[in-house]
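What follows is a set of notes on a single structure, which appears directly below.
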Amino acid sequence: MQLEMLGTGGYHPNEYRHTACYVLPELGLMLDAGTATFRVKDRIQTPKLEVILTHAHLDHVIGLTYLLGLQYEGEAVEVTVRAEDKVASAVKESLFAKALFPVMPENLSFQELPSDFETAKGARVRTSPLKHPGGSLGIRIDYEGKSLGYVTDTVKLSGEELKLFAGIDVLLHEAYFPAERQELAKLTGHSTSVEAAEVAKQLEAGALWLIHQDPRAEKLAQERILSEAKAVFANTNAATDKTSIAI
Ligand SMILES: [Zn+2]
Ligand SMILES: [Zn+2]
């Protein structure tokens, strides 16, 4: 399966990064809907799109409002947003409040997000709760013998939280903070680069991609984040917007 990392930043977009949005075009699957969602229209390969939301923070949902009139081969794409009830309610009541966004896209509907289900294209999706203010979900996708883990907006995983991602081929893991800000990471419900690498090592992951990076971090800080993580888990990569990989 091909994975396109369309938005690899957290909090707000900057000149180089948009906020969370990842697509698996041949599966018609999208993970989170941050500001990078505007890039999805050029990558659609299916008449239906399933969007899975990890949580309702704006850097993960604001792009739902960009999907109005999304087309595939001249027809409107049917978008199904799968989210926990509390997330779906927050999005419908707040983001799609008439005063903020006057038109609820006709092509967009909401559905429950079970902890284990199969997508229309036959990929298996499993989720597990993560520790983050208001909660977040870790997502595992298995398709044709390959696996992808999406772990964002969470303190360092421990114990039972690791189980779902054991032996994952590709792990996308947030690394909002450098190693020295561990206390702040914990306080704000995020992880450091070294914590992401330690998790990848514990899971015996095939490869780690650092995502959800701080948009305010200088280039040097970003380089340090990568080298710190590499020292713990060699096959670590820093994700940048529009990186595309085959899994
Ligand atoms: Zn976030
Ligand atoms: Zn968040």
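As the structure lists them, so they are numbered: ligands from 1, and atoms in each ligand from 1.
Counting non-hydrogen atoms of neighbouring residues, nucleotides and ligands closer than 6.0 angstrom, the CD atom of Glu198 exceeds 12 such neighbours.
Not counting sequence neighbours, the partners of Lys131 by the salt bridge (charged side-chain N to carboxylate O under 4.0 Å, His left out) test are Glu161.
The list of salt bridge (Lys or Arg N to Asp or Glu O under 4.0 Å) pairs with a residue in residues 137-151, not counting sequence neighbours, reads Arg126-Asp142, Arg140-Asp142.
Of all the N, O or S atoms in His212, the one closest to the Zn ion (ligand 1) is NE2.
Of the possible polar contacts, one joining the Asn237 side chain to the Leu208 backbone as a donor-acceptor pair under 3.5 Å is found. Between the side chain of Thr35 and the backbone N or O of Thr19, at least one donor-acceptor pair lies under 3.5 Å.
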Cut-off 3.5 Å, no hydrogens considered: what does the side-chain donor-acceptor table look like for residues 83-103, sequence neighbours left out?
{"unit_1": "Lys86", "atom_1": "NZ", "unit_2": "Gly134", "atom_2": "O", "d": "3.0"}
{"unit_1": "Ser89", "atom_1": "OG", "unit_2": "Asp85", "atom_2": "O", "d": "2.9"}
{"unit_1": "Ser94", "atom_1": "OG", "unit_2": "Ala90", "atom_2": "O", "d": "3.2"}

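Around the Zn ion (ligand 2), the protein atoms of type N, O or S that sit closer than 2.8 Å are His55 NE2, His57 ND1, His132 NE2, Asp153 OD2.
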